[in-house]
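Everything on this sheet refers to the single structure shown next.
Below, chains carry the letters A, B, ... as their sequence lines are ordered, and counting in each starts from 1. Values below: every heavy atom of this structure, side chains too, minus hydrogens, waters and symmetry copies.
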Number of protein chains: 2
Amino acid sequence: MPDEVRGDQREVRFERVSPVRAYERIVEQVEEAIFTGQLRPGQHLPSERDLMIQFGVGRSSVREALRVLQSNGMVRSRPGDPRGPEVLAPSTEPLLQSMTRLARTDALSLGELVQFRMVLESTANLLAARLRTDEHLTELAAALAAMRASAERGTPECGPTGFSRAEAAFRDAVTRASGNALLRVCAAVVRDVVATLLADSPAGADDQRALARAALHHHTAVFEAIRAGDGDTAARLARRGLHEHYARHLPPEQRPMLLPLLDHRPTAGEAPDGDATGA
Amino acid sequence: MPDEVRGDQREVRFERVSPVRAYERIVEQVEEAIFTGQLRPGQHLPSERDLMIQFGVGRSSVREALRVLQSNGMVRSRPGDPRGPEVLAPSTEPLLQSMTRLARTDALSLGELVQFRMVLESTANLLAARLRTDEHLTELAAALAAMRASAERGTPECGPTGFSRAEAAFRDAVTRASGNALLRVCAAVVRDVVATLLADSPAGADDQRALARAALHHHTAVFEAIRAGDGDTAARLARRGLHEHYARHLPPEQRPMLLPLLDHRPTAGEAPDGDATGA
DNA sequence: CCGGCCTACTGGTCAGACCAGTTCGTCGGA
DNA sequence: TCCGACGAACTGGTCTGACCAGTAGGCCGG
């Protein structure tokens, strides 16, 4: 046996060992139970004191494991609940959090985020146009009507009370119609991150009414394209709309990076009217 | 004042209150310090016992906070390190983990993942073709050469020793040339998740040599398109390549969802030769 | 029948202790 | 002079035991 090891010694790569901590093994076991379906959302884990006995560790280890699981969105502890920690349904919240963290540590620039949004939302529009069912259309029309109502009623607050709420519903309906949950999640996350970043710094108190009208016009066009099944147009509208809306919020040196996606002509001979993209 | 509240009572929405736990406020403060740059990667937090004094809480609260921060990839604790917990550089690891968890809980299907990869990698190719510098080209050529060498030398293991390593380097170089870190990260993450899912179940012991040759051929074509600055071709190659490679791994009912992206002709009149996409 | 109380839990937090491990200064020997 | 071994002074990891506030649900009295 030792000979075998010794003969291959040059090839043997010893990996860096790291002590396995007790709470980590608890996390592994609980995660595995959730992944394999032994623990389903809505079910409850034993109480901390029971887990402590089952795993044969102290309560601190159990608690640290539960903290990790909780921060990963897998369980939730409520004081006083005699049923114990609850197993949660899979949520996109952790995804949003980790992406937001990346963006907030300047690992991501606003330009990259907007560029990414152009990709995601144009794709969502494209897929929605080709795959939408009548139910999706109904939903979209309802969201559009809500937007229109809110826009005409005036925007009492820039908060999530009125227009932007309806707008979010419309966008969510589009991404749902695309049939790709990952696309939907990522689009929502990136949208959220962009909103967070912009809410932090400029807070441009622009004319809310005019913005709402422009957005309404844009979404109406998108709706028509989706209804007509014209995926190329729907995709192009998303790219153009995002560029028009966000280009001025970008630092000048980041603006050119949006262009390669913009002038990506889906159908030759139908060039976007060039001046519309100029600053 | 009460009148104001009482008058709007129908509109007042009371939010669900949740007790703020001690460790949560610690997490908040440390995160804030990292986001604002007061704590930079490589720096160290005070020891747990010092933090316990500074925050005025017990050591368990400090430890639970550190566990959460650690599971979010923001700090790392090493036993015995007299400098205390280290602040880590932003990493995409948490993003990968949360997405992997979503995929493993069946919240995401393989079809959605592959479809998303088609979007991400085709966009990466498109951007790379338009924005690549000469340095990027050199890097790509080197990775391609490494792939060729590994493919001809034979693949001793299907592990990350040879070909797939070089292939990963090539793909990473492409996404880096695209100039969008978020795109790069998401592409890498989704690629990783897909690999994990496929490694779990089928383990199709296909002819590694043939696969490597096909991949090499594909990447060579991508490289040529990027060098030529032909973004449309590069993008189409990515979509076609992914579809050919993964369609047979999908459950039949998920295969049609890839088509809308496939026959999305970037330039009219240049239809993909239909039979190439057939099974 | 219903509302309030009481018990038996729950999780949140703290204090104190021990252990294994790391770091680093010190000291003795070569 | 240099260098290795030793040990003090920490570190984080874990366990124990205790207390508190809060919840759920049964019990009892109205």
d([atom1], [X]; [atom2], [N]) in whole Å:
X: R25(A); N: dT14(D); atom1: CZ; atom2: C1'; answer: 12 Å
X: R83(A); N: dA24(D); atom1: CZ; atom2: P; answer: 8 Å
X: R59(A); N: dA18(D); atom1: CZ; atom2: P; answer: 13 Å
X: R78(A); N: dG22(D); atom1: CZ; atom2: C1'; answer: 10 Å
X: E64(A); N: dC15(D); atom1: CD; atom2: P; answer: 10 Å

>> Given dT14(D), dA18(D), dG13(D), identify the nucleotide with an atom nearest to the side chain of E48(B).
In response: dG13(D)

> With respect to the side chain of P82(A), which nucleotide from dG13(D), dC15(D), dA24(D) is positioned closest?
Replying inline: dA24(D)

>> Under 4.0 Å from OP1 or OP2 of dG13(D): is there any side-chain N or O of R67(B) that close?
In response: yes

>> Check this one for me: any side-chain N or O of S60(A) less than 4.0 Å away from OP1 or OP2 of dT14(D)?
In response: no

> Of L66(B) and G58(A), whose nearest nucleotide on DNA chain D comes first from the 5' end?
Replying inline: L66(B)

> More 5' along DNA chain D: R49(A) or D50(B), using each one's nearest nucleotide?
Replying inline: D50(B)

> Does R171(A) pair with E121(A) as a salt bridge, N-O distance under 4.0 Å?
Replying inline: yes

> Is the shortest side-chain N to carboxylate O distance from E135(A) to R176(A) below 4.0 Å?
Replying inline: no

> Can you tell me how far the CG atom of L66(B) sits from the CG atom of L51(B), to the nearest 0.5 Å?
Replying inline: 6.0 Å

> Is P19(A) touching bases, backbone alone, or none of the nucleic acid, heavy atoms closer than 4.0 Å?
Replying inline: nothing

> Between which nucleotides of DNA chain C, read 5' to 3', does contact with chain A run, using atoms under 4.0 Å from its heavy atoms?
Replying inline: dT10(C) to dT13(C)

> Is the backbone of P94(B) close enough, under 3.5 Å, to the side chain of S98(B) for a donor and an acceptor to pair up by distance?
Replying inline: yes

>> Under a 3.5 Å cutoff, is there a donor and acceptor pairing between the side chains of E112(B) and S109(B)?
In response: yes

> Under 3.5 Å, is there a donor-acceptor pair between the Q70(B) and R67(B) side chains?
Replying inline: yes

> Where each residue is assigned the nucleotide of DNA chain C containing its nearest heavy atom, which of M52(B) and G84(A) is assigned the position nearer the 5′ end?
Replying inline: G84(A)

>> Applying the side-chain contact (heavy atoms from CB on, under 4.5 Å) criterion to L69(A), which one of V87(A), I26(A), I34(A), V75(A) satisfies it?
In response: V75(A)

